[in-house]
Structures are given as C-alpha cells and as structure tokens.
There are 2 protein chains.
Amino acid sequence: MTDQTTFKDFKKKALKKTDVKAAYDELAPAYAMKRKMIAMRKAKGLTQTDMAILLGTKKSNISRLESVISGASPRLATVESYAQALGFRMKIEFEAERPKDK
Amino acid sequence: MTDQTTFKDFKKKALKKTDVKAAYDELAPAYAMKRKMIAMRKAKGLTQTDMAILLGTKKSNISRLESVISGASPRLATVESYAQALGFRMKIEFEAERPKDK
DNA sequence: AAATAAGTTATCATAAAAGATAACTTTGTT
DNA sequence: AACAAAGTTATCTTTTATGATAACTTATTT
C-alpha cells in the first residue's frame with residue numbers, strides 16, 4: 001500500500017498549498033505580517049514553546065497566531081506583545097492605494 | 001450655582017486630560033495609529049457617520065474605534081477595513097527596539 | 001528506527017471587541 | 001439663542017480572539 005500512502009500525502013500537501021495561496025492573495029497584509037513575525041522569532045533562535053513561555057501562554061496559541069491559513073484577525077495588542085517579547089516595536093503605516101489600473 | 005457647575009466642568013476636563021496622558025505614554029503605538037486614522041478620515045472630508053455607513057456599522061462604534069482613551073485594542077481586520085474604506089492600505093512594520101539607554 | 005522536540009489542529013471555556021440603540025455633550029450654523 | 005450636525009458615552013447583545021488541554025503530525029537528534 002505504499003502507493004496509496006504517497007498519493008494521500010501528495011493530495012494533502014497540494015491542498016495545503018492551495019489554501020496558502022488563496023490566503024496569500026486575499027489577506028496579503030496579514031500574511032506579510034505573520035511571515036515577519038515568524039522570521040523575527042526564528043532570528044532569535046526561539047521556538048513556539050519559548051514564545052509561549054515569554055508571553056505567558058501555550059504553544060498551540062502561538063501556532064494559531066502565526067498560522068497564515070487561519071482566517072482569524074488578531075488584536076493589535078497581541079501582535080504588539082509578541083513583537084515586544086522579541087525586542088521589536090510594532091509600527092502601523094497607511095499608504096494610499098494605487099488607483100486600480102485596468 | 002454657577003460656581004459648582006464651573007468646578008464640575010473643570011474637574012471633568014482635568015480628569016479627561018490625565019487619562020489621555022496616561023494612555024499616551026502607555027499605548028503610544030496604538031495612539032499614533034488612531035491619530036492617523038482620524039487624520040485620514042478628515043482629509044477625505046468624512047464624518048464618523050459617513051464612515052459608519054461605509055463600513056456598515058454605527059457612528060458610536062466609529063467613535064469608540066477612534067477613541068484614544070478606550071484601552072481597547074482593535075482587531076487588525078477592523079483597522080484594515082477602516083483604512084481600505086478611505087482608499088488606504090494598512091502596513092505593519094517591526095523595528096528593532098533601541099536598547100533602553102540608562 | 002526510536003526517541004524527543006517542534007509544530008499543528010480540534011475543542012471547549014473565557015475574555016474582549018464589535019454591533020445596536022439611546023441619551024448625552026460639544027461644535028457649528030442660521 | 002435656538003437649532004442642527006458631529007461626536008461621545010453607557011449599556012446590552014453578539015461575535016470573535018485568546019487561553020487551556022489533549023491528540024496528532026512533522027522534523028531532529030541520538
């Protein structure tokens with residue numbers, strides 16, 4: 001049954017990829033932010049468990065927070081404390097949208 | 001009773017000011033963001049009622065969202081749709097904290 | 001390849017934000 | 001001064017994020 005297992009895995013990963021892509025296009029700003037967050041954490045050599053301890057929560061919650069797929073929109077305070085725990089300051093900018101060119 | 005009224009008003013405003021100051025120091029990033037949001041709205045010549053209609057909500061909620069004093073931390077999605085309704089894109093940045101100099 | 005660590009996912013409980021309505025205050029206009 | 005428009009505040013309801021626990025998958029290490 002090695003074939004089946006392989007196919008199952010393939011399908012699983014394909015779907016995963018599709019979801020990620022959809023989220024990417026739809027939720028671009030949030031996606032970019034989460035990528036940055038993960039990058040910051042890894043740059044400091046910390047695991048999700050480490051972060052959980054720093055923030056006084058559990059690793060599962062960190063995973064969810066960093067998750068791109070989850071449609072959830074975190075609170076500003078949550079992102080801010082995450083950043084601060086890593087020695088970063090959060091900054092929110094607004095840039096004028098380029099007029100959608102046809 | 002003109003004196004009492006005056007004093008009451010004075011006290012009221014004094015407290016208000018204190019609260020604002022505290023919020024300012026404590027929640028600096030959120031404060032800066034809200035100031036920007038209000039500025040963007042006014043730049044487009046819109047009232048809170050206008051925004052409420054654009055976002056499908058009520059003016060009281062817009063007031064609360066823009067309120068500096070409210071300790072509340074909005075969701076990213078909320079700020080994002082507010083910005084988008086005004087033709088802006090939200091951008092989250094993280095900058096390394098300067099080592100607290102003593 | 002077993003064992004351990006890291007990360008994910010699901011579910012439930014709790015806290016907090018957002019929606020609605022209404023009464024109020026401040027600002028602006030005539 | 002009277003009126004209207006804009007903004008605020010309080011309260012309640014509904015929705016959603018967050019916390020906690022546990023079972024699971026994926027990656028690392030020995």
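Naming: A, B, ... by sequence-line order, numbering from 1 per chain.
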Q: Using the test salt bridge (charged side-chain N to carboxylate O under 4.0 Å, His left out), find all partners of A:Arg75 that sit at least two apart in sequence or belong to another chain.
A: none
Q: If only side-chain N and O atoms of A:Ser60 are considered, is one of them under 4.0 Å from the OP1 or OP2 phosphate oxygen of C:dT8?
A: no
Q: For a quick test of reading the model: is some side-chain N or O of B:Arg75 closer than 4.0 Å to OP1 or OP2 of C:dA17?
A: no
Q: Verify the contact: side-chain N or O of A:Thr49 to OP1 or OP2 of C:dA6, cut-off strictly under 4.0 Å; return yes or no.
A: no
Q: Are any of B:Thr57's side-chain N or O atoms less than 4.0 Å away from OP1 or OP2 of C:dG19?
A: yes
Q: What is the distance, rounded to the nearest whole Å, between atom NZ of A:Lys59 and atom C1' of D:dT25?
A: 11 Å
Q: Given atom CD of A:Gln48 and atom P of D:dA27, what is their separation to the nearest angstrom?
A: 14 Å
Q: Is there a side-chain polar atom (N or O) of B:Ser63 under 4.0 Å from OP1 or OP2 of D:dG7?
A: no
Q: Provide, to the nearest angstrom, the distance between the NZ atom belonging to A:Lys58 and the C1' atom belonging to D:dA17.
A: 18 Å
Q: I want to check one thing: is the phosphate of C:dG7, taken as OP1 and OP2, less than 4.0 Å away from some side-chain N or O of A:Arg41?
A: yes
Q: Nearest-Å distance, CG (A:Leu65) to P (C:dT8)?
A: 11 Å
Q: Just to verify, what does A:Ile53 make a side-chain contact (heavy atoms from CB on, under 4.5 Å) with, not counting sequence neighbours?
A: A:Thr49
